[in-house]
> 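Pasting a structure below so you can have a look.
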2 protein chains.
Amino acid sequence: MKDEKTEDQILDAAEKVFQRKGMDGARMQEIANEAGINKAMLHYYYRSKRFLFEAVFSKAFSIIAPEINRVINEDIPLFEKIRKFTHRYIDFIQKHPYIPNFIIQELNRDTDFINALQSKKGFPDFRNFQAQVEQEVRDGKIRAIKAEQLFIHLLSLNIFPFLAAPLLKGFLKIDDKTYKDLMEDRKEEIVNIIINYIQIKE
Amino acid sequence: MKDEKTEDQILDAAEKVFQRKGMDGARMQEIANEAGINKAMLHYYYRSKRFLFEAVFSKAFSIIAPEINRVINEDIPLFEKIRKFTHRYIDFIQKHPYIPNFIIQELNRDTDFINALQSKKGFPDFRNFQAQVEQEVRDGKIRAIKAEQLFIHLLSLNIFPFLAAPLLKGFLKIDDKTYKDLMEDRKEEIVNIIINYIQIKE
DNA sequence: ACCTTTATAAACCATTTGGTTAAACTATTT
DNA sequence: AAATAGTTTAACCAAATGGTTTATAAAGGT
């Protein structure tokens, strides 16, 4: 961290501040302080708040998007894929708990942003997953379900508990430690509820 | 709307602007314009941006919290409760699509906010639901599951698709109309996946 | 050594922003 | 109708904020 180049120090600091405060709540001066660097440097390297923000956003997205994409498009059976995705995702998000909320929040704030993202490489491609689901349905390996709904189930069950962590802790009246344990249990919970749903019963 | 008192006009305008831009992104002048009213009035009636925001937030929360609470605590069998909650919630949210995101966003921005809310009347009480789940497990009506996980499943599957609507539309490459149909289908989808999960198989 | 480019910092600036004031206007009370 | 209390507006203000400028080093090339 000591020999880190200024440009990266700024990006790291901006990451923290933007994730804490969002685009509008963040202050350039606060980012400069966090980086221990003169404010003029932010403009020197990133030109404007907007550009700096986009750099941070792209980085966050480019961390999580391939993570989703990779598992989704791997060439393994659906059951296995669901288990793998869930375990990987929850492990991953425990390390970067701010990312989902950051992305969802900014995507709701600026509706056009998603269009800019879609063109970027690494944007999750759903078609592969869809084809696989349809194939396994045809092969009689799983019940007849719509790939879209299955996909939304999977993301909902995995992502929501992290988005809504403060709210859920409030509802359930539990502390951080208990909540973390609950998330750990969810790995198998989620796999079970989904597989149980798509599995053909004898 | 014409004869509406100034105070309410302001609240309505603030609602729109805060929901569009969030606490930090919203401008007092923009709210005044939206209300077609002098900016000084906002301070006259609500004293500060913070207070105005809290009025808006409380209103949103007091619309949705009882909706959740009522169904959750109704005295009906669990299966029926899950169906009722899901149908009611999705219908409700189609009418107020901005509320979940607004609440989640601000709860993540200001962690202490949840504490202030908890004391308020109408804050969803989970204990009743928990007791019911435990009872039905003991009675052998449903599989042995933790009430917390079931509760999180239920909220995740219902709320997430609205929080992440822009993202999911991007992933699935579908338009608003198709997405709305998908949400309609989800009513039964969600009921099925959950009931299928907690049901005891013969 | 000399010059050019890159980096850093301090001071500065124009605009925006939440908030205030003082005056005017409109009920309401007496 | 005079006095009082409540409501509304335009003008104003101080602080904050994103961004710029100017000066000064440091590094790299010749």
Side-chain angles (χ1 to χ4, degrees), chain A residues 1-60 102 105-106 108-110 112-113 116, chain B residues 1-60 102 105-113 116:
Chain A
M1 204 70 162
K2 194 65 187 304
D3 280 352
E4 206 187 12
K5 286 302 287 177
T6 308
E7 194 169 343
D8 294 318
Q9 286 180 44
I10 294 173
L11 198 65
D12 289 349
E15 206 171 299
K16 283 184 203 152
V17 176
F18 277 131
Q19 277 146 12
R20 226 164 30 222
K21 307 283 180 74
M23 163 71 183
D24 294 316
R27 296 290 155 240
M28 294 299 267
Q29 187 59 58
E30 191 182 348
I31 295 172
N33 294 345
E34 179 85 37
I37 255 173
N38 190 285
K39 179 163 72 83
M41 289 292 92
L42 310 196
H43 292 94
Y44 181 75
Y45 284 106
Y46 293 93
R47 210 166 113 199
S48 73
K49 189 184 185 185
R50 181 87 233 159
F51 279 106
L52 177 54
F53 177 81
E54 283 175 19
V56 170
F57 189 95
S58 290
K59 191 182 165 196
F102 180 60
Q105 184 172 330
E106 293 307 325
N108 275 296
R109 214 180 49 84
D110 181 356
D112 289 336
F113 222 86
Chain B
M1 205 70 163
K2 196 65 188 301
D3 280 353
E4 206 187 10
K5 286 301 288 176
T6 308
E7 194 169 343
D8 294 318
Q9 287 180 43
I10 294 173
L11 198 65
D12 289 348
E15 208 171 300
K16 283 184 204 154
V17 177
F18 278 132
Q19 278 146 10
R20 236 177 5 234
K21 308 281 181 76
M23 162 71 182
D24 294 316
R27 297 289 156 241
M28 293 299 265
Q29 188 59 58
E30 191 182 349
I31 295 172
N33 293 346
E34 179 84 37
I37 254 171
N38 191 286
K39 179 163 72 84
M41 289 290 91
L42 310 196
H43 293 93
Y44 181 75
Y45 285 106
Y46 293 93
R47 212 166 112 199
S48 72
K49 188 184 184 184
R50 180 89 233 158
F51 280 106
L52 177 54
F53 177 81
E54 281 175 20
V56 170
F57 188 96
S58 289
K59 191 182 165 196
F102 181 61
Q105 184 172 331
E106 293 308 323
L107 244 33
N108 274 297
R109 214 180 50 83
D110 181 356
T111 322
D112 289 336
F113 220 86

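Every value quoted in this text rests on a predicted model; they were computed, and no experiment measured them.
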> Mind checking whether A:Phe57 and A:Phe102 have parallel, tilted or perpendicular rings, split at 30° and 60°?
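The arrangement is tilted - the two ring planes meet at 30° to 60°.
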
> Separation of A:Leu42 atom CG from D:dT17 atom P, in whole Å?
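That distance rounds to 14 Å.
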
> Send over the distance from A:Met41 CE to D:dT21 P, rounded to a whole Å.
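Taking CE of A:Met41 and P of D:dT21, I get 14 Å after rounding.
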
> Using whole Å, report how far CD of B:Gln9 lies from C1' of D:dT7.
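The answer, rounded to whole Å, is 13 Å.
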
> For residues A:Phe53 and A:Phe18, establish whether the separation of their ring centroids is below 6.0 Å.
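Between A:Phe18 and A:Phe53, which both carry aromatic rings, the centre distance is below 6.0 Å.
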
> Return the minimal non-hydrogen interatomic distance between B:Ala32 and B:Lys39, and the atom names on each side.
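Looking at all heavy atoms of both residues, the closest pair is CB-CA, 3.8 Å.
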
> At under 4.0 Å between heavy atoms, how does the protein contact nucleotides 11-24 of chain C? Give one character per nucleotide, 5' to 3', with B, S or -.
------SBBBB---

> Identify whether any heavy atom of B:Tyr45 sits under 4.0 Å from a base atom; if not, whether one sits that close to sugar-phosphate; answer base, sugar-phosphate or nothing.
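Sugar-phosphate contact only - B:Tyr45 comes under 4.0 Å of backbone atoms but never of a base.
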
> Looking only at atom types and distance, does a side-chain atom of A:Tyr46 sit under 3.5 Å from a main-chain N or O of A:Glu7, one as donor and one as acceptor?
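Yes, the answer is positive, given that a donor and an acceptor are paired below the 3.5 Å cut-off.
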
> Can you find a side chain N or O atom of A:Tyr44 that sits less than 4.0 Å from OP1 or OP2 on C:dA9?
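No, outside the criterion.
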
> For B:Glu15, what residues pass the salt bridge (charged side-chain N to carboxylate O under 4.0 Å, His left out) criterion, not counting sequence neighbours?
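So B:Glu15 forms a salt bridge (charged side-chain N to carboxylate O under 4.0 Å, His left out) with B:Lys59.
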
> Does the side chain of A:Thr6 get closer than 4.0 angstrom to OP1 or OP2 of C:dT8 through an N or O atom?
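Answer yes for this pair, as a side-chain N or O of A:Thr6 is under 4.0 Å from OP1 or OP2.
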
